[in-house]
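See below for the structure under consideration.
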Amino acid sequence: MDLLNGMNPQQKQAVTAGLGPILVIAGPGSGKTRVLTHRISYLLSYMGVRPYNMLAVTFTNKAAKEMENRVANLLGYGDEGDHSRAPNMPQVGTFHSVCARLLRREAEHLPFNANFVIFDADDQVSVVKQALGELNLDEKRFRAQGVHASISNAKNELLLPETYPVQNYRDDVVKKVYKRYQELLLTSNAVDFDDLLLWTAVLLEQNTAVRERYARRFEHVLVDEFQDTNQAQYVLLKHLASFHRNIYVVGDPDQSIYAWRGADYRNLLRFEEDYTDAQVILLEQNYRSTQMILDVATAIIDRNPHRKARRLFTDRGTGRKVVLYQAYDDRAEATYVVETIAKLVAGGNQPGDFAVMYRTNAQSRLIEEAFLRHNLPYKLVGAQRFYGRREVKDVIAYLRLVHNPSDEISLNRVINVPTRGIGDKSMASLRQLAAKAHLAAGDFLLALPAMDDSQLQSALTARAISAMKKFVLELRKWRSLAEKANPADVMDSILEAVEYRTFIDDGTDEGQDRWDNVMELRRLAIEYEGRTLPEFLEEIALVSDQDTIQGSSNVPTLLTLHAAKGLEFPVVFITGLADGTLPHMRSFEDPDSMEEERRLMYVGITRAMDRLYLTCPQTRSTYGYAEPCDPSRFLENIPNQLIDVSYSSPQNVSRPGSGGAFSSTARPAAPTWQSARNGTAPAQANAPKSIQFPAGSKVVHPVWGDGMVLNSRIMDDDETLDIFFENVGLKRVAASLAHLKHKT
DNA sequence: TTGGTCCATCTTTTT
DNA sequence: GATGGACCAA
């Protein structure tokens with residue numbers, strides 16, 4: 001059988017396993033996606049399963065698309081183009097998109113209609129704020145973000161407002177807000193991310209007919225990244241597979257990094273308990289990394305208690321030691337990363353071989369700046385950045401309102417953007433009038449031109465009424481356009497009518513950037529030619545950060561450790577390995593969270609194929625201010641023989657636990673891509689060549705404060721100083737990095 | 001109602 | 001060092 005060519009016995013077993021529940025525990029790089037796609041092809045080609053009777057679920061669109069392409073390829077459809085609509089393809093989708101589709105189809109059984117919009121994280125917080133306001137609750141005491149997190153957690157555990165447990169006053173408040181929150185969503189004909197899962201799970205649980213229909217249809221249900229499912233997802237999968245019981249799940253408890261989102265890797269254990277006849281298959285051989293990298297990964301993850309010992313082995317050879325680098329500060333760290341990449345590119349690596357990973361999004365900034373300083377291109381993974389932009393949200397809100405005028409969050413967002421004389425007062429009156437008429441504010445607004453002015457005048461000023469009427473005329477125009485035109489045409493009509501460019505592009509660079517973002521959104525809309533506005537809206541509501549990764553450009557990738565899951569790169573840098581960053585300080589108190597931080601590091605390490613660099617700064621910037629920090633405690637767990645200590649900045653720095661000192665060496669010079677390619681390195685532009693701080697000078701350091709220079713010399717085009725600081729003692733610093741000032 | 005300024009808060013991770 | 005809210009003058 002061609003499908004099994006080149007597979008190891010465990011992989012073959014996993015692909016050709018019989019019927020019934022199957023649990024595949026797949027370590028990193030063990031060919032998990034390959035097994036899943038081959039399993040699907042095997043069922044279709046050899047077991048006579050019809051595509052219609054199969055469902056495959058992933059967490060990101062990117063994973064779904066990749067699975068689709070690989071299955072299409074195996075089935076001989078070629079690997080080009082969009083196969084999601086091909087007649088012989090099974091349904092492959094993310095949890096959220098599969099649920100959205102199901103809910104639209106079954107809307108008659110639900111308290112909203114099939115045109116519902118999907119509220120994103122910002123929208124959700126706005127709704128919570130509105131609910132808090134209506135309930136007269138102190139928003140200082142009950143932060144909208146926090147209350148929303150509680151509601152979200154409740155939904156992930158399938159708790160409804162009625163069943164929300166109350167043990168203290170705050171619970172009581174959350175329960176009330178939760179109830180009002182759901183009402184507000186329904187008046188907006190909206191659901192949030194969590195609702196997609198929650199409503200689906202509840203519908204399948206409570207409506208026997210619907211459940212039976214889907215359960216009979218899906219002879220085979222396959223799930224990727226099962227360790228990241230939450231309770232809602234677990235339950236809805238269970239219902240979908242309840243008739244045929246052919247549920248095939250693939251996961252790795254060591255890569256569970258979404259507990260904060262309600263994921264529970266114990267679902268893997270629960271699976272074995274709920275399906276006592278489940279076959280369990282272990283994939284242990286790693287095809288990705290060198291043994292050195294796997295040993296470092298094992299050293300980290302082995303410290304987690306309650307962990308079943310698992311081996312990771314490879315036949316890829318020993319490989320090179322992992323490089324550990326301590327930089328003077330986070331800026332120097334970023335410089336080191338970029339210059340090392342440039343050097344390796346000069347040595348023959350492709351720029352696209354590299355990934356730079358970090359714990360928090362904020363850390364990307366300095367890395368980006370370092371790339372920009374060296375005039376080197378990079379790509380940053382993060383859809384949030386784009387869709388979170390004000391101008392992008394504005395335009396999307398217009399489109400959402402056109403599609404679903406009940407959407408009050410979008411209405412509030414755009415009604416006065418650009419300003420058209422309809423302020424908070426007028427909107428409050430409008431909401432009251434709408435509530436009296438039992439209509440959503442937007443629906444009431446649409447009906448407003450037909451109403452008797454005299455009734456309205458008691459609540460609204462003539463000016464407001466006329467402004468609203470004018471807005472309604474536009475809205476109606478866009479709505480009729482949306483019925484026949486492409487999403488991009490609707491967008492154009494809106495942008496022109498409201499003169500949006502004049503509004504956001506003030507001629508400054510930032511204004512130009514804002515307009516560029518709008519045009520980028522338009523470019524995405526153009527791809528939806530021939531498809532409908534709701535399809536466009538649904539897709540942009542459910543994009544994940546990973547979905548924005550473009551494979552084509554040959555440049556380094558910058559991404560969070562979370563976004564790195566499922567990916568692999570020849571060379572990986574994990575940056576910012578400082579205690580408080582990784583592990584994050586918010587996890588210090590909670591042993592479970594600390595275990596998850598460790599898994600996060602493990603995920604990062606196991607992305608690397610050939611080479612791994614671990615870097616940490618001695619100071620980091622928080623809130624814009626620099627503060628000293630210690631190396632990550634996780635670094636202590638890596639045996640010395642696996643590590644090569646690279647150049648460090650010229651300071652005496654000790655690794656925790658090792659007691660060793662770093663030697664002081666030159667820093668590499670700054671190249672550009674072209675010069676990196678040619679192997680020529682121009683001299684560093686801003687390195688001082690003469691002594692600026694002679695012995696005896698009094699200096700001020702931004703972190704360590706006042707000190708006196710004991711010794712000063714030029715080394716490799718930089719001034720190296722030994723300084724005695726009043727507060728922290730003797731330090732060795734590089735003048736180009738230390739931001740020293742003469743004390744006056 | 002608008003638009004300016006000033007202040008607090010924020011930073012974990014995201015479908 | 002960004003962003004959103006509160007506050008205030010016109």
Side-chain angles (χ1 to χ4, degrees), chain A residues 57-64 93-100 118-122 124-126 129 133 139-140 143-146 149 152 155-156 191-198 225 228-230 232-233 256-263 357-366 381-385 387-390 415-428 461 463-464 467 510 538-548 559-565 576 580-588 590 593-594 596-597 599-601 603-604 620-625:
Chain A
V57 198
T58 65
F59 275 85
T60 67
N61 296 298
K62 182 171 180 280
T94 64
F95 272 101
H96 290 86
S97 69
V98 165
C99 288
I118 299 164
F119 276 4
D120 68 18
D122 281 351
Q124 294 169 45
V125 173
S126 301
K129 278 181 186 160
E139 289 186 42
K140 286 254 155 56
R143 302 228 163 264
Q145 294 272 8
S152 180
K155 288 183 173 185
N156 290 331
V191 301
D192 65 20
F193 286 136
D194 304 313
D195 278 339
L196 290 170
L197 310 174
L198 174 70
E225 307 279 15
D228 285 331
T229 52
N230 61 33
Q233 286 158 330
S256 161
I257 53 175
Y258 285 103
W260 52 274
R261 210 166 76 186
M357 301 175 187
Y358 35 81
R359 177 67 176 82
T360 68
N361 282 305
Q363 292 170 258
S364 74
R365 186 192 180 120
L366 283 168
V381 177
Q384 217 38 40
R385 261 195 161 58
Y387 289 101
R389 300 292 299 251
R390 187 179 304 158
I415 188 71
N416 215 20
V417 174
T419 51
R420 41 173 80 84
I422 307 171
D424 290 346
K425 273 258 170 60
S426 305
M427 281 309 284
T461 63
R463 225 176 88 124
E510 295 86 60
E538 174 151 327
E539 179 140 335
I540 60 181
L542 296 179
V543 284
S544 73
D545 275 357
Q546 272 208 0
D547 301 334
T548 62
L559 73 180
T560 62
L561 287 162
H562 281 89
K565 197 177 60 156
T581 308
L582 184 70
H584 197 273
M585 50 192 295
R586 302 269 269 239
S587 301
F588 283 169
D590 177 23
S593 302
M594 286 301 276
E596 182 150 314
E597 297 288 317
R599 292 194 293 269
L600 198 49
M601 174 131 179
V603 166
R620 79 186 128 197
S621 315
T622 41
Y623 309 120
Y625 291 97

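Proteins get letters first, then strands, A, B, ... in listed order; numbering begins at 1 in each.
- Shown here are the side chain to side chain contact (heavy atoms under 4.5 Å, CB included) partners of A/Ala144, two or more places apart in sequence or in another chain: A/Val125, A/Val128, A/Lys129, A/Leu132.
- Judged as a ring pair (Phe, Tyr, Trp, His ring centres under 6.0 Å), and not counting sequence neighbours, A/Tyr358 has no contacts.
- Under the stacking definition used here (centres under 5.5 Å, planes under 30°), the residue A/Trp260 qualifies as stacked on the base of B/dT13.
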Under 3.5 Å, which N/O atoms of the protein pair with N/O atoms of nucleotides 2-4 of chain C?
from: C/dG4; atom 1: OP2; to: A/Arg390; atom 2: NH2; distance (Å): 3.4

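- What separates NZ of A/Lys155 from P of B/dT15 is a distance of 18 Å, to the nearest Å.
- Backbone-only engagement by A/Asn361 is indicated by non-hydrogen atom pairs under 4.0 Å involving sugar-phosphate atoms exclusively.
- Here the closest heavy-atom approach between residue A/Cys99 and residue A/Leu197 is recorded as SG-CD2, 4.0 Å.
- Atom-to-atom, CD of A/Glu139 to C1' of C/dG5 comes out at 10 Å; the value is rounded to the nearest Å.
- Not counting sequence neighbours, the partners of A/Arg365 by the salt bridge (charged side-chain N to carboxylate O under 4.0 Å, His left out) test are A/Glu369.
- Spacing between atom CZ of A/Phe59 and atom P of B/dT15 amounts to 11 Å, rounded to whole angstrom units.
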Summarise protein proximity over nucleotides 2-11 of chain B in one line of letters, 5' to 3': B for base, S for sugar-phosphate only, - for none, counting protein heavy atoms closer than 4.0 Å. SS-----SBS

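- Side-chain N/O atoms of A/Ser426 include one lying less than 4.0 angstrom from OP1 or OP2 on B/dT1.
- Summarising the geometry, the separation between NE2 on A/His562 and P on B/dT15 is reported as 11 Å, rounded to the nearest angstrom.
- Closest of all the heavy-atom pairs between A/Ile422 and A/Ala467 is CG1-CB, 3.8 Å.
- Annotation for A/Val57 and A/Thr94: closest pair CG1-C, 3.9 Å, computed over non-hydrogen atoms.
- Across all strands shown, A/Phe193 has heavy atoms under 4.0 Å from base atoms, whether or not it also approaches the sugar-phosphate.
- Rounded to a whole Å, the NZ atom of A/Lys62 is 15 Å from the P atom of B/dT14.
- The distance between atom CZ of A/Arg261 and atom P of B/dT14, rounded to the nearest whole Å, is 9 Å.
- In this structure, A/Thr360 and A/His584 have side chains that are in contact, with non-hydrogen atoms separated by less than 4.5 Å.
- Looking at which nucleotide of DNA chain B each of A/Lys425 and A/Thr560 is closest to, the 5′-most match is held by A/Lys425.
- Annotation: the span from A/Arg599 atom CZ to A/Ser256 atom OG amounts to 4.5 Å, rounded to 0.5 Å.
- Rounded to whole Å, atom C1' of B/dT15 lies 17 Å from atom CZ of A/Phe119.
- Summarising the geometry, the separation between CG on A/Asn61 and P on B/dT14 is reported as 15 Å, rounded to the nearest angstrom.
- By the salt bridge (charged side-chain N to carboxylate O under 4.0 Å, His left out) test, A/Asp122 is found to be paired with A/Lys393, residues two or more places apart in sequence or in another chain being considered.
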